[in-house]
Structures are given as structure tokens and as C-alpha cells.
Participant: 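Below you will find the structure I want to go over with you.
Throughout, numbering of the chain's residues begins at 1 and tracks the sequence.
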Amino acid sequence: MGPDISDPQPTLFEKIKRKLIGEPRNVNEPSIFHKLSLIPILAWIGLGADGLSSSSYGPEEAFRTLGEHTYLAIFLALATAFTVFIISYAYSRIIEHFPHGGGGYIVATHTISKNAGVISGCSLLVDYMLTITVSLVSCGDAIFSFFPLSFQKYKLFFVGLLIVFLVVLNLRGVKESVTALTPIFIVFVITHAVLIGYGISTHIGQVKPLIGEVQTNFKVGLTTLGSLGMLAIFLRAFSLGSGTYTGIEAVSNGMQIMREPKVHTGKRTMVYMATSLAVTASGLLLCYLLFKIKPVEGRTLNAILSESVFGSWPMGNMIALITILSEGALLVIAAQTGFIDGPRVMANMAIDSWLPRRFAALSERLTMQDGVLLMGIAAFMLLLYTHGSIAALVVMYSINVFVTFSLSQFGMIRFFIKHRGKDRNWKKHIIIHIIGLILCLTILIVTVYEKFGEGGWVTLFVTSLVIGLCYLIRSHYKKVLVAMRKLGDILTDIPPSGPFNNDPVNPKDMTAILLVSGFSGFGLHTLLSIVRNFPNVYKNFIFVSVAEVDSGSFKGIAEMEALRKSVEQDLIKYVKVTRQHGFPADYMTETGTDVIETVTDLVESTVIKFPMSTVFTGKLVFRNEHPFQKILHNETANAIQRRLQWDGITTVILPIRVSI
């Protein structure tokens, strides 16, 4: 009786998972990239919402910091718009020269050093975790502004539910999550355009008296505080309102999901985001000044402004409520950036061995499932640590993003200096990055100085821990790589044991099915172990390998084809070595995102052709096993063995010792 390879019935958990997350996607579908990619408008919603939503808390934090010197808000509005356009233009150049995404991590790695890259990458990771928490807590603040103070105790529970909701939504896929939230974005844009436009237009007559009042107060301020005192107040407000600029880098990080031509789509998205953010942030600051808005406990300045603007309208209170609700809902979309770009940064770092390799893997829905789950867990922990305090979160948030901004600007300055012979406009571009570097460093230094003791040290401490962990992980992978290379060098030098065998594989003979991953000492060790431990038992050797589609290869049709050819060439090398040792050999391969699922299907179809077969795979074995190694080296071999043995297919795991 042959092995039972019938399809098992899905469990209740699998049925629920399919209902929530959706059916698996076919990675080999020709139109898959077109279906998953975003046009500029959708990219603006999915990635630009983070920047635009920061107008919900950035301008407010800056205005509150001015204290009694609110007349400086007019200069703050101009400085805010200027900074948004400078940083956005600088990131447009990054999109142009680094079109495959990765943002600050890739820029710092390729233009400065790998060490700078890991600092930028870890800063981004912590920043995106904070993006989720900051956005959702701000959403809670905005919505609960219209409830009595006694309702504040339910805010943490509400934000926790939003985190769970977004985790599920992002496990379904980026485009699905963005499309589902598009109506919210549209409502926000319309209501805030009316809020700012009507607010300013109805106070046009007060502009001239306001300018005179600003001039008078400015002179008084210079007399009492001096120019340095005034500058200190302005820089402090400008820096502590830096939450306004967080999210600008999101587009350059998420270039992989842009519709072709990617550079054009990315730059168009940057224009949409920069314009909308500059107008909204600076417009709100002007409205705070024009309407003489004063802080009220338990309420946001935008909620107070909405009631002041729409209070005299028919159904004005309802319009004000819709405006603030749309603001809160947009912050939910903004949290998307953390779930979109955070896992992508993890994937890029995992490909470079800074993080466990599993973070580069794609799920059956072509999402970075492990990254999404980790971002959700981290956001929830930050929510509990800060007790949902937006003031504490914004301080933690602003520091890291400007570490990445500063490294990116410095890296692009080095890039244009190095390539000045290839770009005739390099001087024009480099000036923008120099200005951007000065602005970013100023904000970073002032924020760290002002807020170090109020929570800023937590961000720096956590980021330092993550950086240290990355170095430990990379060191381990390097040691394993060196050991495997030594093993490969030894085994590839073994001379052929007989004449080259050109015979076709015989399905009636005993067959060894070898699961391999790339041509290396790992696979050769497995082959020679079978020959040594089972002499004259197996007459055929079939090499099976999966072209695993991860975030590094899932960028376009050309990258996918290159992956398939690379895997096939490695398998051909195995076949050649085996035939040189006198055995008939062949190979089987398939493309997929889930190695276990794809290998299982491939082996089952191979066993049907070669019924007298045994499956062999190798597993790294260390002298002293510990949990750290189990996290870094997945249990793929054991998982495949369990699946195949359940189907009645004999599967043997051969140990490969690594002395490190």
C-alpha cells in the first residue's frame, strides 16, 4: 500500500484564518505584480497618510511649546512648510538613485558603511513601532476629545483593539488594506481643506491687524528676552513639533509596492504628500493664531479649532465631529506605514544577516507575516509602557526618525560628491542635502537635549539594544557561513570515484530524494553521508529545491526569473557531481513562498514517479544548542519531516555538525 498523499481537510483554525486573511496567492501568476502594486493616489493614501496624519499632533505640540509667545506661530508655519519641502525634495533624490526601496537603511549602507546602515535600520525599526502606537493613540485622543473625561479610562482598550484590527488587515495584503481605508482618507482631505480654507478666508480682514500685533509682540520679546532667548524659544518649538515631519521617508522605504515606472510613481507620490502636509500643518498653525486657540484639558487643539470654525454653521457640531473623527480615522491609516515599511526594513536587514532570515520570508498572501506580527506586538507593548500618553510617545518618536534623516542626508552628500563626474547637476542637489542635514541635526540635538530625561533616553536605550542584538545575530551567521564554506571547499575537492554516468534515472530502482538549498557544502555533505551510510542501497538521486520567493526577490518579473535560473543552475551542479561519482541523477524544482508547503507538494509528486524512494534532508547541529540558535535557524527540516511522514513518506534528517 502506497503513501497516503490525499489532501487533508482544513481544520477549524485554518477555516477561520482563510476567512480573515484570505486565500493564498499564486506567486507564478503573470499579473501578480500589477495586481499588488499601487498607483500614486493609492500610494499617497497608504504611505503618505503617515506624513499627513502627523498634522494631528505635530503642529499642536509646537504651538503648545510656544507658551505665551504664540505670535511666533506665523514664523513657525513658514519654517514648517519650508522644512517639509526640503526633506521631501531630498527624499525624491533618494527615490531616483535607490529605486528598489529600503530608504534610510539602504542609503546609509551603500553610501556610508554597513555600520551606519544598521544604526539607520534599527532607528527605523523602532520608529515604525512608535509610528503605529503614536498614530493609534492620537486617534484615541481625537475621538475621545468629544467624550466626557470619565470615558478616558476606555481609551487604552480601544487603541489595543485597533492594533489587532490592523494586524489582521495587513496579513491580508497591502493593497487590500489601503483600498479598504481610502474613503476615510478622502473625508479627511475634504473636511480639513474646508476647515483651514474657511478658517483663513473668514479672517482675511484680521491679517493686517495680526501682522501689526505680531510685530509689536516680537519687539517686546526681543527687549525682554533678547535675540538669543527668542531664537531658543523658536528652535525649541520648531524641534519639539518635529513629529510633523515623521513619515516623509515612508515613500522611499516602500518603493517595492509602487506601480511601474516605480521612480515616476514614487516621485509623484512625494509631491502629493509634501504639498498636502505643508499646507495642512502650516495652515493649522495659522488658524490656531487667528482664532486665538487656547489648550483645554482632555481636548486636542484641532477639536477646539473645529468647533470654533464650524460652530456658527447649521449642524456645525456634527461637521466638527465628522472632521475630528476623520482625523482620528486617518491616524489609523497612518499606522499602516508601520505595518507596511517596518516589515520591509526587517526584510532588508534579514537579507544582509542583521536579523533572523525568517523576516525576509513571504506568507502565502505575499505579506511579510512575521514582520507584521512583531510590529503589532511591539506597538502593543509601547502602548502599555506609556499608558497611552501621546506626549511621551511623540518625544520617543521624533528622536529616531531624525537619526535616520540625518544619516540619509549625510549619505546623499557623500553620494553626490563621489559621483560628481556623472551628474552635472550635483551641486544643485548637494545643496538641498546640506540644508536638510543642518535642519535634521538641529532638530535631533534640540529634541535629545530637551527631552532626554522625559523619555528620550528610553528610545536611545532601546535602539542601542536592538543594534547590539543585530551585531550578535550577524556575528553568528558569519561564523556559520565560514564553517560551511570550509566544509564546501573540502567536499568539492574530492575526486570523482568512477566514470561519468549518463544513464537516465530508473523509476523502478531505489531512489534517494535529497532536499537541498543552493549548491554548498551542506548539500554535498548530505549526498556523501547517504553514499557512506547506505552503500549500494540507492541507485538514483533526485535533487529537490524550492526557488523561495522572499522580499529580496519579489520585486519584479526579472528578479523572479533570475531566482528560478539560479536555483536551477545549482541543481544542475548537484546532478553533475553525482553523475561524476557514478550515479544516475536528476532534479525537480518549483517556485513558492512557503518552503514547507512547496517542498511537500513537490516531494509527493516525485514519490508518485519514484515509488521506491526515501527523502533525505540535512540539519545544522551545534555542540551546545540554545534558544538563540533555534530562532536564527528555523526548524524547516523537522516541519517537512512531520508533514511527509504523516503522508506515509519515509523521511530521514541527517545531522551536519558545525563547530563554532
Participant: Any side-chain heavy atom of S408 within less than 4.5 Å of one from Y91?
Facilitator: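 Counting from C-beta outward, S408 and Y91 do come under 4.5 Å.
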
Participant: Given the rule in the ring-ring contact (aromatic ring centres under 6.0 Å, His included) test, do F185 and F188 qualify, once you have shown the distances and angles that lead to the verdict?
Facilitator: CA-CA 5 Å; F185 187 88; F188 174 90; 7.1 Å; no

Participant: Hey, could you give me the CE/CD1 distance between M375 and I132, rounded to the nearest 0.5 Å?
Facilitator: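 Reported value, rounded in 0.5 Å steps: 4.0 Å.
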
Participant: Mind checking what makes salt bridge (charged side-chain N to carboxylate O under 4.0 Å, His left out) contact with K267, not counting sequence neighbours?
Facilitator: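 Residues passing salt bridge (charged side-chain N to carboxylate O under 4.0 Å, His left out) with K267: E96.
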
Participant: Do you see a donor-acceptor pair shorter than 3.5 Å between the side chains of S545 and D570?
Facilitator: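 Distance-only check fails for S545 and D570.
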
Participant: Taking the side chain as every heavy atom from C-beta outward, state whether I399 and V448 have any atom pair closer than 4.5 Å.
Facilitator: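 The answer is yes; the side chains approach within 4.5 Å.
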
Participant: Think R420 forms a cation-pi with F416, using NZ or CZ under 6.0 Å from the six-ring centre and within 45 degrees of its axis?
Facilitator: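 Verdict for F416: no cation-pi partner in R420.
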
Participant: Is the count of non-hydrogen atoms from other residues, nucleotides or ligands lying under 6.0 Å from Y471 atom OH greater than 12?
Facilitator: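 Enclosed.
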
Participant: Side chains of D127 and T404, heavy atoms from C-beta outward: is any pair under 4.5 Å?
Facilitator: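 Side chain of D127 against side chain of T404, heavy atoms only: no contact under 4.5 Å found.
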
Participant: I want to check something: taking the side chain as every heavy atom from C-beta on, are M349 and C470 in contact at a cut-off of under 4.5 Å?
Facilitator: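 Side chain of M349 against side chain of C470, heavy atoms only: contact under 4.5 Å found.
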
Participant: More than 12 foreign heavy atoms under 6.0 Å from CZ of F380: is that the case here?
Facilitator: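 No - once you tally the heavy atoms of other residues, nucleotides and ligands closer than 6.0 Å, there are 12 at most.
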
Participant: Under the salt bridge (charged side-chain N to carboxylate O under 4.0 Å, His left out) test, which residues partner R474, sequence neighbours left out?
Facilitator: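 With neighbours one apart ignored, the set is empty.
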
Participant: Are the side chain of S113 and the backbone of T109 linked by a donor-acceptor contact shorter than 3.5 Å?
Facilitator: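 Checking the backbone N and O of T109 against the side chain of S113, no donor-acceptor pair under 3.5 Å is found.
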
Participant: Under 3.5 Å, is there a donor-acceptor pair between the side chain of S239 and the main chain of V446?
Facilitator: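 Checking the backbone N and O of V446 against the side chain of S239, no donor-acceptor pair under 3.5 Å is found.
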
